Protein chains: 2
Amino acid sequence: MGTIAKALQLLTHFSTDLPEIGLSQFVQLTGEDKATLHRRLGELKACGFLDQDAASRAYRLGPAISRLEIVKETTFPARRAAMEVLRKLNSQVSETVHVSVIQGDQGLSTLAHIDDPSHGIRVYMDTNELLPFHATASGLAVLAFFEKERVDKILKLGLPKFTEDTQTNAARIRNLLIDFRKEGFARSKGGFETDVVGLAMPLFDSRNACAGAVAIAAPSSRMDNKRVQSVLPLLQQAANDVTASWSGRAS
Amino acid sequence: MGTIAKALQLLTHFSTDLPEIGLSQFVQLTGEDKATLHRRLGELKACGFLDQDAASRAYRLGPAISRLEIVKETTFPARRAAMEVLRKLNSQVSETVHVSVIQGDQGLSTLAHIDDPSHGIRVYMDTNELLPFHATASGLAVLAFFEKERVDKILKLGLPKFTEDTQTNAARIRNLLIDFRKEGFARSKGGFETDVVGLAMPLFDSRNACAGAVAIAAPSSRMDNKRVQSVLPLLQQAANDVTASWSGRAS
DNA sequence: AACAGTAGGTTCATATAATGAACCAACTAA
DNA sequence: TTAGTTGGTTCATTATATGAACCTACTGTT
């Protein structure tokens with residue numbers, strides 16, 4: 001790995017749970033030398049990718065990120081594209097739908113979502129919340145397409161129990177992943193929020209790496225096996241549409 | 001300059017006008033060796049900061065940008081913070097207001113804006129359009145706080161004429177900047193859009209570098225010298241508020 | 001078909017830049 | 001005082017980035 005990649009790797013440690021990181025904390029997180037990290041962080045800061053709190057001296061993501069995101073969304077509106085696909089999918093299935101992207105090893109962050117308005121009982125999404133890999137359909141969908149090493153690493157980070165139905169047995173999760181990979185989609189029932197059934201398909205970037213997932217979240221009362229079979233082709237189409245708009249390549 | 005900074009510098013070449021850049025074009029833009037650039041671009045791509053079009057092989061901004069921006073805006077909502085300040089300013093002055101951030105040497109991109117709803121005749125903003133440095137109050141406000149070398153570089157890039165009143169004389173612009181720096185704000189009249197008067201104050205990041213500007217855009221009929229004097233303290237307050245929310249330091 | 005000009009991408013000896021153990025300095029708590 | 005933090009710096013050593021020359025594929029031209 002080159003110096004550039006090592007430096008950019010540092011940025012992946014930032015998350016909604018850990019928005020500010022000090023020098024020593026970076027030493028802990030990476031195991032690298034303090035002097036080395038200090039120089040890397042300094043360069044990232046000089047380029048505006050990091051900002052340093054004047055008082056605490058901790059680092060946080062800098063203004064260059066916003067600038068680039070504006071250019072990216074203006075010229076290649078991934079967010080808008082995802083939103084358009086979701087509008088279509090929502091109109092077809094009349095359930096809450098969302099597109100989430102991988103955030104390092106911590107989970108998935110929601111890029112775009114639609115809370116379905118047509119039912120009295122519906123699934124609400126907290127967009128600020130990270131979706132855990134092991135307890136959501138989206139998370140399982142991307143895990144199913146990760147290399148074994150990465151799956152191992154993530155499963156070893158801990159499998160918190162969110163509900164009675166959260167699957168916390170690593171071996172069983174691994175078995176699920178084999179099925180999901182074969183079938184091309186993942187499902188979960190009440191593993192993150194009680195009574196919510198999730199159906200998710202992976203999304204790929206232009207490097208053919210799994211970048212996220214598109215998912216349908218519905219009350220379990222409205223999502224029996226028959227309904228699953230009927231919405232799957234629509235979800236597949238949505239996944240293809242998002243992947244195509246992201247990378248020019250349909251899966 | 002270290003390798004990391006050199007690599008990140010490449011990203012600044014992307015803009016709304018130039019969203020995709022090929023290898024040879026990078027050679028032209030930077031004057032560096034093809035092999036070197038190829039390796040740097042490859043590393044940026046491997047980290048998800050760049051994406052490569054499968055057919056044309058051109059590079060564009062990648063998914064990592066969006067991921068980081070989501071973390072940044074979730075945990076440290078610069079955009080939202082700017083918007084809140086703008087709401088207050090708009091309620092006070094009842095004119096179109098906006099916050100723009102510097103985008104390399106190409107101009108300013110609008111981060112947040114409010115089109116004032118209270119007047120029949122009002123200034124509309126095209127958020128996708130880059131604000132030129134030499135023809136807008138925001139641009140002149142930041143130029144006034146740049147080092148001389150950077151001002152020279154930008155003025156040499158060309159001074160397109162947008163209206164009859166666009167100032168295209170570099171020497172006169174330089175004189176204006178001296179005044180603006182002294183007064184702490186910049187003004188322009190019809191230089192970008194006919195009959196629009198702009199008033200802008202610079203914004204600073206935590207490194208004390210000028211990062212953007214907050215501005216009021218009004219029809220010239222509503223912005224005489226007397227009105228300017230009355231809104232300036234409000235603009236100053238808004239600039240302080242944004243800068244404080246961005247960096248923890250009031251100017 | 002041969003040519004010239006473009007593009008993206010690769011090789012390997014060389015030179016430059018990254019590294020890290022040991023070092024400060026400042027602050028906090030015992 | 002001491003011991004444990006924190007962020008930050010120095011400089012000899014080592015590893016990495018660099019770039020001239022090379023390859024390959026595709027374009028339109030003669």
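A note on names: the letters A, B, ... follow the listed sequences, proteins ahead of strands, and every chain is numbered from 1. These numbers come from a predicted model, not from an experiment.
For His38(B), a side-chain nitrogen or oxygen approaches OP1 or OP2 of dT10(C) to under 4.0 Å. Residue Thr3(B) places none of its side-chain N or O atoms closer than 4.0 Å to OP1 or OP2 of dT16(D). The side chain of Arg57(A) places an N or O atom within less than 4.0 Å of a non-bridging phosphate oxygen (OP1 or OP2) of dG8(D). Thr36(B) has a side-chain polar atom (N or O) that falls below the 4.0 Å cut-off from OP1 or OP2 of dG19(D). OP1 or OP2 of dT6(C) has not a single side-chain nitrogen or oxygen of Ser24(B) nearer than 4.0 Å.
Of the charged side-chain nitrogens involved, at least one lies within less than 4.0 Å of a carboxylate oxygen, so that Glu32(A) and Arg40(A) count as a salt-bridged pair. Here Asp152(B) pairs with Lys148(B) in a salt bridge; the nearest charged N to carboxylate O distance falls below 4.0 Å. Looking at Glu69(A) and Lys72(B), no side-chain N of the basic residue comes within less than 4.0 Å of a carboxylate O on the acidic one, giving no salt bridge.
Taking Glu43(A) as the reference, Ile4(B), Ala5(B) meet the side-chain contact (heavy atoms from CB on, under 4.5 Å) condition, with sequence neighbours excluded.
Annotation: of the two residues near DNA chain D, Asp33(B) and Arg39(A), the 5′-most nearest-nucleotide partner is Arg39(A). Between Ile4(A) and Gly22(A), the residue anchored closer to the 5' end of DNA chain D is Gly22(A), taking for each the nucleotide with the nearest heavy atom. Heavy-atom nearest nucleotides on DNA chain C were determined for Gln28(B) and for Glu43(A), and the one closer to the 5' end corresponds to Gln28(B).
Across the protein-nucleic acid pair, Leu44(A) atom CG and dA18(C) atom P stand 12 Å apart, rounded to whole Å. What separates CD of Glu20(A) from P of dG7(D) is a distance of 12 Å, to the nearest Å. Whole-Å rounding puts the Leu23(A) CG to dA25(C) C1' distance at 14 Å. One can place CD of Glu32(A) at 19 Å from P of dT14(D), the figure rounded to the nearest angstrom. Residue Gln52(A) contributes atom CD, which lies 9 Å from atom P of dG7(D) at whole-angstrom precision. Put simply, NZ on Lys6(A) is 12 Å from C1' on dT14(D), counting in whole angstrom units.
Evaluation of the ring pair (Phe, Tyr, Trp, His ring centres under 6.0 Å) test over residues 28-71 of chain A, restricted to residues two or more places apart or in two chains, returns none.
At the heavy-atom level, Tyr59(A) lies under 4.0 Å from the strands shown only through sugar-phosphate atoms. Arg40(A) comes within 4.0 angstrom of sugar-phosphate atoms only, judged by non-hydrogen atoms across all strands, and of no base.
Of all nucleotides listed (dT10(D), dG8(D), dG8(C)), dT10(D) comes nearest to the side chain of Ala35(A).
If one axis is set at each end of the helix from dT10(C)-dA21(D) to dA30(C)-dT1(D) from five pairs, those axes are 40° apart, to 10°.
Between the side chain of Lys34(A) and the base of dG20(C), no donor-acceptor pair of N or O atoms lies under 3.5 Å.
Nucleotides dC23(D) and dG19(D), compared at atom C1', are 16 Å apart to the nearest Å.
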Under the ring pair (Phe, Tyr, Trp, His ring centres under 6.0 Å) rule, what do Phe145(B) and Phe180(B) come out as? Steps first, then yes or no, please.
-> CA-CA 9 Å; Phe145(B) 288 82; Phe180(B) 292 161; 10.0 Å; no
For side chain to side chain contact (heavy atoms under 4.5 Å, CB included), just list the numbers for Leu203(A) and Val99(A), CA-CA rounded to whole Å, side-chain angles, deciding distance to a tenth of an Å, and then say yes or no.
-> CA-CA 9 Å; Leu203(A) 301 169; Val99(A) 167; 3.8 Å; yes
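Looking only at atom types and distance, the side chain of Ser100(B) has a donor-acceptor partner in the side chain of His98(B) under 3.5 Å away.
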